[in-house]
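Below is one structure, written out as structure tokens; the observations come after it.
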Amino acid sequence: MKSSFAATFVFASSVAAFWRMPCRSQTGYARIDPLVNPGSISDHVHAITGGGNFGADTDFKKLTASDSCTACAVTQDHSAYWTPAVYFQYKNGTTVMVPQVGGMLAYYLYYLDNVKSFPEGFAMIAGNPDTRNFTGPFPDAPLSSWPTDPTDQFFLQQRALGFNCLNYAKTPEASLYRHTFPPKEYMDANCKDGLRLELAFPSCGKEGVLDSPDHRSHVQYPSLVKEGNCPEGFDVHYPFLFFETIWATNQFSGEDGQFLLSTGDPVGTSYHGDFIMGWDSAEFLQSALDTCKSPSGEIEACPLFNIQDDADAAQCTFDMPGDLKDDDCHGPRDGLPVDVPIQYGPEPASQYKIAGASGAATTSIPHTSAPQTYSQSAVSYSPADAASTASAQGGIVVAMESAAGSAHGYGKDTEYGAARPSVTSAPSSASASKDSNAVSTTTITRGNEVIEMVIEETEVTVTAQPTAGSYEKRHLEHHKHHHHARN
Ligand SMILES: *[C@@H]1O[C@H](CO)[C@@H](O)[C@H](O)[C@H]1NC(C)=O
Ligand SMILES: *[C@@H]1O[C@H](CO)[C@@H](O)[C@H](O)[C@H]1NC(C)=O
């Protein structure tokens with residue numbers, strides 16, 4: 001018994017390692033996708049962050065060129081990270097981009113053993129912009145009943161998307177709990193603090209293979225999405241890359257209409273994301289993976305990282321190509337940019353002709369009236385049960401809670417209540433106003449062990465500067481190990 005306990009402990013502490021890369025601003029929003037549409041125009045709008053040398057022909061060399069800035073906090077990371085943007089379409093067809101809150105968090109987690117750096121020139125896409133259905137029970141069956149053989153990659157890809165209903169006054173939902181947009185009425189009633197979109201990337205790769213024609217088939221999910229068995233022939237273990245972006249869907253509460261991804265998707269299952277490795281070198285990323293194993297996930301805990309503040313990171317934007325300048329990605333505008341047809345599924349979306357330069361509308365698919373009567377499969381939604389979350393659901397980030405402006409913003413649940421952090425005061429600048437205090441609880445599960453962390457976040461917006469900047473402090477407040485009884 002003694003030896004098995006010790007082994008478990010070592011295993012758990014290696015699994016606990018991760019870091020959370022904040023990329024607090026976008027380098028831009030544009031119909032650009034250097035992987036899928038190199039040198040030309042993408043068929044939908046992306047929210048893009050990371051390296052500033054981003055464009056239709058971006059690659060590792062360009063991202064890491066000496067003149068390339070980064071919108072991420074660690075200046076050695078010029079990787080390109082992008083996802084579709086989220087829109088709201090009013091009943092009359094007027095469409096606006098939903099404001100993004102706090103940029104992207106890109107997690108690098110080590111779930112598989114012997115984690116290797118992404119090689120220079122590596123790129124990948126997770127998810128599929130054509131998918132319009134979710135096939136499965138909701139909520140997911142317990143992980144223990146999932147196939148241990150990862151041959152069904154579509155099954156895993158569907159479960160690699162998360163639509164996390166944020167309500168800081170309630171017990172948080174698990175990450176990757178639901179895999180479609182919740183119905184609008186449910187969001188109005190429950191998601192008072194917006195929606196967090198989550199995307200898990202495959203972490204099983206092939207030695208020396210940097211990319212593939214579809215940018216997907218050179219990487220595969222392990223059998224439980226984030227961990228488990230890699231498919232045969234995919235023996236290289238990459239970090240488990242996980243994107244989180246929060247969208248202020250709550251600003252449209254009570255409005256008649258529908259949420260859409262820029263792909264023309266009201267379902268959500270077309271959510272996807274792209275990554276081009278742009279760390280200074282594969283050697284540097286490898287040494288970071290080997291060295292930076294703080295269970296806090298704080299980038300500040302890694303001695304190798306050079307960290308810039310959010311105001312400097314926010315200066316980093318890419319040059320908008322002239323032929324996309326008139327796209328009007330934000331709206332309000334009539335329909336999605338640029339003339340992307342709304343396709344409800346469940347069959348895969350049809351290809352449409354990419355609208356031309358300067359916003360010229362050339363889609364070949366007729367518009368359906370918006371919003372069309374669309375009913376999601378009859379599933380009842382309820383917040384995840386925290387206990388089952390920890391043992392079966394396997395969330396990356398279980399909570400994003402706010403202590404600000406609410407007497408019970410945090411800590412109704414006694415377990416979380418015990419971890420209630422103190423609020424960090426804003427810097428003593430007369431021009432600073434405190435925006436929010438958010439707390440993130442991270443749970444990492446392996447076997448019978450659950451490691452839980454609560455992180456406080458204080459965001460301060462400085463308004464008196466010529467360029468408004470956002471500063472933030474994160475603190476590890478609590479670190480708790482549960483050792484469940486072993487049999
Ligand atoms: C559509 O409705 C929204 C919300 O009421 C409104 O803001 C917008 O101006 C309307 N658009 C048009 C073209 O009337
Ligand atoms: C569900 O989506 C997948 C991927 O797009 C597709 O292959 C499949 O045909 C769809 N199922 C149905 C019932 O349309």
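Just so you know, ligand 1 is whichever comes first in the structure, and atom 1 is the first atom listed for that ligand.
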- Task: Write down the atom of P129, the atom of H272, and the distance for their closest heavy-atom approach.
- Result: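 Smallest interatomic distance, heavy atoms only, reads CB-CE1, 3.7 Å.
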- Message: Please identify which of these residues, D274, L197, L199, meets the side-chain contact (heavy atoms from CB on, under 4.5 Å) condition with F243.
- Response: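 The passing option is L199.
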- Task: Take Q100 and T245 through the test side chain to side chain donor-acceptor pair (under 3.5 Å) and record every step on the way to the result.
- Result: CA-CA 7 Å; Q100 223 212 45; T245 51; 4.6 Å; no
- Pick out which of T131, N133, T180, T269 makes a side chain to side chain donor-acceptor pair (under 3.5 Å) with Q158.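 Result for side chain to side chain donor-acceptor pair (under 3.5 Å) with Q158: N133.
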- Item | Residues lining ligand 2 [heavy-atom distance under 4.0 Å, listed by chain and residue number] |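 Residues within 4.0 Å of ligand 2: T131, N133, F154, P346, E347, P348.
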- Query: Do any nitrogen or oxygen atoms of T94 come within less than 3.5 Å of a nitrogen or oxygen of ligand 1?
  - Reply: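 Min N/O separation from ligand 1 is below 3.5 Å for T94.
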- Message: Does any N or O of ligand 1 fall below 3.5 Å from an N or O anywhere on Y90, backbone included?
- Response: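 N/O-N/O distance under 3.5 Å: no.
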- Message: Taking 4.0 angstrom as the limit and counting only heavy atoms of N92, give me the atoms of ligand 1 inside it, by number and element.
- Response: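 Answer, ordered by atom number: 1 (C), 2 (O), 3 (C), 8 (C), 10 (C), 11 (N), 12 (C), 14 (O).
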- Taking atom types as modelled and ignoring hydrogens, do the side chains of S253 and N250 form a donor-acceptor contact shorter than 3.5 angstrom?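 N250 and S253 do not have a side-chain donor-acceptor pair below 3.5 Å.
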- Task: Please state whether the rings of H218 and F122 are parallel, tilted or perpendicular, taking 30° and 60° as the class boundaries.
- Result: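 Correct class here is tilted.
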- Item | All side-chain contact (heavy atoms from CB on, under 4.5 Å) counterparts of T317, not counting sequence neighbours |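 Expected list: none.
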